[in-house]
Trainee: 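I have a structure here, written as structure tokens, and I will follow up with some questions on it.
These numbers come from the heavy atoms of this one structure, side chains and all, not from hydrogens, waters or symmetry mates. Remember, it's 1-based here, ligands and their atoms both numbered in the order they're listed. Treat the numbers as computed from the prediction; the structure is a model and nothing was measured.
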Amino acid sequence: MPSNAGQTEEAQQLYKIRHSSAHVMAQAVLEIFPDAKLAIGPPIQDGFYYDFDLPRPLTPEDLEEIETRARNILRGDHHFECREISADEARSLFANQPYKLELIEGILASGTDEYGQPLETTEAPKLTTFRQDAFEDLCRGPHVHSTREINPEAFKILHTAGAYWRGDEHRPMLQRIYGTAWKTPEELQAYLHRLEEAKRRDHRRLGKRLDLFSASEAVGPGLTLWHPKGAMVRYLAERFSLEAHILNGYQLVYTPHIGRSGLWKTSGHLDFYKDSMFSPIESEGEEYYLKPMNCPFHIEIYKSNQRSYRDLPLRLAEFGTVYRYERSGVLQGLTRVRGFTQDDAHTFCRPDQIGAEILLALRFSLYVLRSFGLTDFTAYISTRPEAKAIGSVEDWDKAVETLRGALEAVNVPYEYDIGGGAFYGPKIDVKLRDSLGREWQLSTVQLDFNLPERFSMEFTGSDGKPQRPMMVHRALFGSAERFFAMLIEHYAGAFPMWIAPVQATIIPISDKQNEYAAQVAARLDMEKVRTSTDTRDERMQAKIRDFELEKAPYALVVGKREAAEGTISVRSRDKGDLKSMTVDAFLELTRAERETGKPVKLD
Ligand SMILES: [Zn+2]
Ligand SMILES: [Zn+2]
């Protein structure tokens, strides 16, 4: 949510430009719809939005007019002026603005800001407005001094979307107008180009077009159905990852989807995480919860046996499907879902092993991610939160230093997220910058000072006395769903050959070559190459075009000549036409590409 703390001057100026642009856009909307009810209008990454309750749905023509009017306002030299107002003044100033009134009461009752978000301050509530030209809005700023600081040619209205008031599907549906503003028209153009590219790569759009996955109203929102092609990519990715885990000292486990309420009481989930859990299932007078995390189950496996210092480290790994309650209004594609599969691992070790275990978790994660052709990582170390952290400052400092040392050893650039840690321990988040420069949260290595205590975990030390093990949570892809979304968008659906659901499309030029095409397919099948044969009664050009749309790495065209010579005419998705060759030559040519996902043991 909006915050401009800790940003560079450059970023702060952009923040102010966008925040001020939101106000100007709202002014333009009010000029056209004097009865518009205003909700909230924060700056966001790369732009801003404002939510309105309007008498009718906005048309593209409306958006053009809003943009024209907003640009006209920007051309004036209107100053942004701040003033503090009393509660009564605020109530009368916004008497016709029910959403603002609700926000005002939230501020007065303390605890929320002008966007309805919780405030982290103990100061007495204060009501301020900002006014430019004829428009005054409930706001804490900051803003530019004058509209002159915003280049009208670097300002643009983008699109609209429905948005529930406060993200709550029981509250009114509002019209959200998105816009963007930059310092220069060139920056705006570059951004619009990136947007086009992002749209072209959008995993929801490609997921449908390439028949990879869907969600069904009948099944429920945020619950993903993996279609055969999407499932093939996931299977290959999981198989590679699982085999790599086993080769590198992890042991696989499987655990159930539900567990007794007592388990979640012990783990603390029912005290601290209940809002993200689905309502319990009652059976035989007992309550069971769908698991939001796998950790307690892995801990129970640890506890199923007496452990000695010689048994540690114990590394348990599972592709575990978890369920977390999210409001239906915020669900999105594969990135915000209610059920997802974590590639989860928990390491239980002796205190003297913790440095080596964190390094292993990190090296291993990077190795697996790099096998997918991903290279541009930044890590973030989250440190001790100010409020209610458990464990001493010294413990935290030591642990953070261990995390930092591991990042130095794997040579990944890192930054600190000061105070951003969970209350139970520091962590490393590894984020990937994709081909469009966007960051995706992937791996997490999280230390836990809490659960070993809560579950009274023990091992017998070399002196025969019971000791507490240390615990590390590690997610590698993060979630199978989000990882898949990232792969789709990073590669624009053109997956590397080793995970492509169809690796080669065989295209007979006429049905006279169908039999030869079947022989080629059978030969490739023996080498486990995934093919599909396009025997439709279509022209060659149409088949080639569809091959390009389907984004298989190779097309193998077989005509009269190829059939006579026992060859295939190879066309590469990435390199264009290659010459004709034997099937064996094709297998040799693609060997390295096909074998990328062969797991190795790290030394
Ligand atoms: Zn504002
Ligand atoms: Zn965990």
Trainee: Measure from the Zn ion (ligand 2) to every N/O/S atom of H473 and report the name of the nearest one.
Mentor: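 Nearest N/O/S atom of H473: ND1.
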Trainee: Just checking: H298, one of its N/O/S atoms, less than 2.8 Å away from the Zn ion (ligand 2), yes or no?
Mentor: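 No, H298 does not qualify, because none of its backbone or side-chain N, O or S atoms lies under 2.8 Å.
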Trainee: With the threshold set at 4.0 Å, does a side-chain nitrogen-carboxylate oxygen contact exist between R91 and D88?
Mentor: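 Yes, this pair counts.
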Trainee: Test of geometry: compute the angle NE2(H23)-the Zn ion (ligand 1)-NE2(H19) and round it to 10°.
Mentor: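 Here the angle at the metal atom is close to 110°, to 10°.
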Trainee: If you count heavy atoms of other groups shown closer than 6.0 angstrom to CZ of R260, is the number above 12?
Mentor: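 Count not over threshold, so no.
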Trainee: Out of M471, R454, H346, which one pairs with I299 under the side-chain contact (heavy atoms from CB on, under 4.5 Å) rule?
Mentor: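 Only one of M471, R454, H346 forms a side-chain contact (heavy atoms from CB on, under 4.5 Å) with I299, namely M471.
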Trainee: Which value, rounded to 10°, describes the SG(C295)-the Zn ion (ligand 2)-NE2(H346) angle?
Mentor: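 With the Zn ion (ligand 2) as the vertex, SG (C295) and NE2 (H346) sit 110° apart.
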Trainee: Please check if the side chain of R148 supplies one atom and the backbone of D77 the other of a donor-acceptor pair under 3.5 Å.
Mentor: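 Such a contact is absent between R148 side chain and D77 backbone.
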